[in-house]
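The structure under discussion appears below in the form of structure tokens.
In this chain, residues are counted from 1 in sequence order.
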Amino acid sequence: MKLSNFLGLASILIVGVSALAGCGPKGGDGAGTVDVMIDGSSTVYPIMERMAEDFMDTNKNVRITVGTSGTGGGFKKFIAGEIDIADASRAIEEKEIEALKANGIDFVEIPIAFDGVSVVINPQNDFAGTLTVAELKKIWEPGSKVQLWSEVREGFPAEKITLFGPGTDSGTFDYFTKAINGEEKASRSDYTASEDDNSLVQGVQGDKYAMGYFGYAYYEKNKESLKAVTIDNGKSKVGPSFESIADGTYQPLSRPLFLYVRAKALDRPEIVSFLKYVMGEGSKSLRDVGYVPLPDGAYELANKRIDAKTTGTVFHGAEVGVRIEDILQRVAH
């Protein structure tokens, strides 16, 4: 399935997935099915959608529902006990941990991939191919008065910038604002916001002077009709690519992606089997859907966390500068 066909903010994909041998009905529809409920990040959605579809090839009578409420929206459902798994484009935050504690919910944290938030412009834009972090901040910071490209840099045309970005429930919004503006959720508000990344893609595609940002997968699948901005971070000038995200040079916009699983849900064999698939055979398809897989050792450590039901987090919200080697060091402890 192409990213251009993905459902939007209110959409829910229901994938019928084949049956695990020996699994009985648990909370299903009474016809021998069992349900696994996932919601959260629109960035992580393509991963989970692909994993669920592939999982159905060898398993029956498990129904996986994948929603796209945004990272914050997914955590709200996770805290309320409405879903088994929250997927997130940033690590869980202290206020969310406290809310889970108040509701008696323990969780297991699983890093699953690496991503790079991609700043994109229209292909007809022939002047803003490289921007500094300071220029991005000037455009996106709270209270920004920048309306024209000429106000960003001398020599740019006096054309109106049309801005597109994730909504405030998005983990991508949290991460980008922390990385560029220095504080989570610190952003100008006069831009077109959506939790549907495809709407953001289409907005930039349709306006010569537009700018937007979203996960790398959505750029990768639409790169013939979008142009990625090279980021000048003061040390290097690097654009998003599989290589720059994997080696940590795409800074400050590279980040890990996560799953959060209710510890009690790990008593259900269908959920454990699905997670083992995600950490094993399923990880081989990550690059196909636009993400950088973690080293095999990270998945082995994640499987140990699942087996031991190791609860809690070793990350800190929208943490800027985390590299793949950091994942290995942290999940090992």
Side-chain angles (χ1 to χ4, degrees), residues 8-9 40-44 68-76 88-96 115-122 125 128 131-153 156 159-204 207 209-216 218-219 226 228-234 240 250-257 316-322:
L9 169 63
S41 168
S42 61
T43 299
V44 186
T68 54
S69 298
T71 294
F75 277 131
K76 289 173 185 175
S89 57
R90 61 156 171 81
I92 194 167
E93 296 180 337
E94 188 60 35
K95 63 183 178 181
E96 292 157 342
D115 178 43
V117 179
S118 300
V119 179
V120 299
I121 53 178
N122 188 282
N125 184 323
L131 293 171
T132 68
V133 172
E135 287 170 336
L136 287 172
K137 184 176 187 293
K138 186 177 182 180
I139 295 168
W140 286 99
E141 66 186 346
S144 173
K145 303 299 183 184
V146 171
Q147 298 294 329
L148 306 177
W149 278 106
S150 57
E151 296 168 334
V152 177
R153 186 190 300 176
F156 282 4
E159 299 286 351
K160 181 175 174 58
I161 307 175
T162 308
L163 296 173
F164 296 88
T168 56
D169 264 345
S170 167
T172 300
F173 174 79
D174 292 339
Y175 188 86
F176 181 85
T177 51
K178 179 71 175 292
I180 300 301
N181 296 332
E183 181 182 350
E184 281 187 46
K185 301 189 183 299
S187 175
R188 69 189 297 167
S189 58
D190 57 335
Y191 69 96
T192 300
S194 177
E195 302 294 351
D196 179 2
D197 294 291
N198 290 301
S199 293
L200 305 179
V201 168
Q202 292 163 11
V204 178
D207 189 325
Y209 298 105
M211 169 191 284
Y213 67 91
F214 36 74
Y216 179 73
Y218 290 88
Y219 163 68
L226 295 171
V229 172
T230 295
I231 308 299
D232 181 350
N233 59 29
Y250 183 59
Q251 292 295 335
L253 294 176
S254 291
R255 56 169 179 177
L257 305 175
H316 309 284
E319 190 177 352
V320 177
V322 175

Nearest 0.5 angstrom please: [X] [atom1] to [Y] [atom2], how far?
X: Ile180; Y: Glu135; atom1: CD1; atom2: CD; answer: 11.5 Å
X: Glu93; Y: Glu319; atom1: CD; atom2: CD; answer: 11.5 Å
X: Tyr250; Y: Ser118; atom1: OH; atom2: OG; answer: 5.0 Å
X: Asn125; Y: Trp149; atom1: CG; atom2: CH2; answer: 5.5 Å
X: Ser89; Y: Leu257; atom1: OG; atom2: CG; answer: 6.5 Å
X: Arg153; Y: Ile139; atom1: CZ; atom2: CD1; answer: 9.5 Å

**OP:** Report the residue from Asn122, Val152, Leu136 that forms a side chain to side chain contact (heavy atoms under 4.5 Å, CB included) with Met211.
**Re:** Leu136
Subject >> For Glu141, all residues meeting side chain to side chain donor-acceptor pair (under 3.5 Å), sequence neighbours excluded >> reply: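 Residues passing side chain to side chain donor-acceptor pair (under 3.5 Å) with Glu141: Lys137.
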Original post:
What pairs with Asp115 under side chain to side chain donor-acceptor pair (under 3.5 Å), at least two apart in sequence or on another chain?
Top reply: Arg255
Original post:
Taking atom types as modelled, is there a side-chain donor on Thr177 or Ser187 under 3.5 Å from an acceptor on the other?
Top reply: no
Original post:
Do Thr43 and Thr172 get their side chains close enough for a donor-acceptor pair, meaning under 3.5 Å?
Top reply: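 Their side chains do contain a donor-acceptor pair, which is all the 3.5 Å distance test asks for.
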Could you check if a side-chain atom of [X] sits within less than 4.5 angstrom of a side-chain atom of [Y], using non-hydrogen atoms only?
X: Val229; Y: Ile121; answer: yes
X: Lys138; Y: Ser144; answer: no
X: Pro166; Y: Tyr213; answer: yes
X: Ile231; Y: Val119; answer: yes

**OP:** Give the intermediate values and the outcome of side-chain contact (heavy atoms from CB on, under 4.5 Å) for residues Ser69 and Glu195.
**Re:** CA-CA 7 Å; Ser69 298; Glu195 302 294 351; over 6 Å; no
Would you name the heavy atoms of [X] and [Y] that are closest together and state the gap between them?
X: Ala179; Y: Leu253; result: CB-CD2, 3.9 Å
X: Ser199; Y: Ser194; result: CB-OG, 3.9 Å
X: Thr168; Y: Phe173; result: CA-CD2, 3.8 Å
X: Ala88; Y: Val44; result: O-CG2, 3.6 Å
X: Pro252; Y: Asn233; result: CD-CB, 4.4 Å
X: Tyr175; Y: Gly321; result: OH-N, 3.7 Å

Original post:
For Lys178, does the NZ atom have more than 12 heavy-atom neighbours from other residues, nucleotides or ligands under 6.0 Å away?
Top reply: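 Yes, because the 6.0 Å sphere around NZ of Lys178 holds more than 12 heavy atoms from other groups.
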**OP:** Answer yes or no: does atom NZ of Lys185 have more than 12 heavy-atom neighbours from other residues, nucleotides or ligands under 6.0 Å?
**Re:**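 For Lys185, atom NZ is crowded (more than 12 foreign heavy atoms under 6.0 Å).
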Original post:
Does Glu184 offer a backbone N or O that forms a donor-acceptor pair with the side chain of Asp174 under 3.5 Å?
Top reply: no
Original post:
Within the side chain of Asp207, is there an N or O that forms a donor-acceptor pair under 3.5 Å with the backbone of Tyr209?
Top reply: yes
Subject >> Pair Thr68-Asp196, side-chain contact (heavy atoms from CB on, under 4.5 Å): steps then yes or no >> reply: CA-CA 8 Å; Thr68 54; Asp196 179 2; over 6 Å; no
Original post:
Is the Tyr191 ring parallel, tilted or perpendicular to the Trp140 ring (thresholds 30°, 60°)?
Top reply: perpendicular
**OP:** Check step by step if side-chain contact (heavy atoms from CB on, under 4.5 Å) holds for Thr192 and Leu163.
**Re:** CA-CA 6 Å; Thr192 300; Leu163 296 173; over 6 Å; no
**OP:** Let me see the working for Arg90 and Glu96 under salt bridge (Lys or Arg N to Asp or Glu O under 4.0 Å), right down to the final yes or no.
**Re:** CA-CA 12 Å; Arg90 61 156 171 81; Glu96 292 157 342; 2.8 Å; yes
Subject >> Steps toward side-chain contact (heavy atoms from CB on, under 4.5 Å) verdict (Leu226, Val204) >> reply: CA-CA 7 Å; Leu226 295 171; Val204 178; 3.7 Å; yes
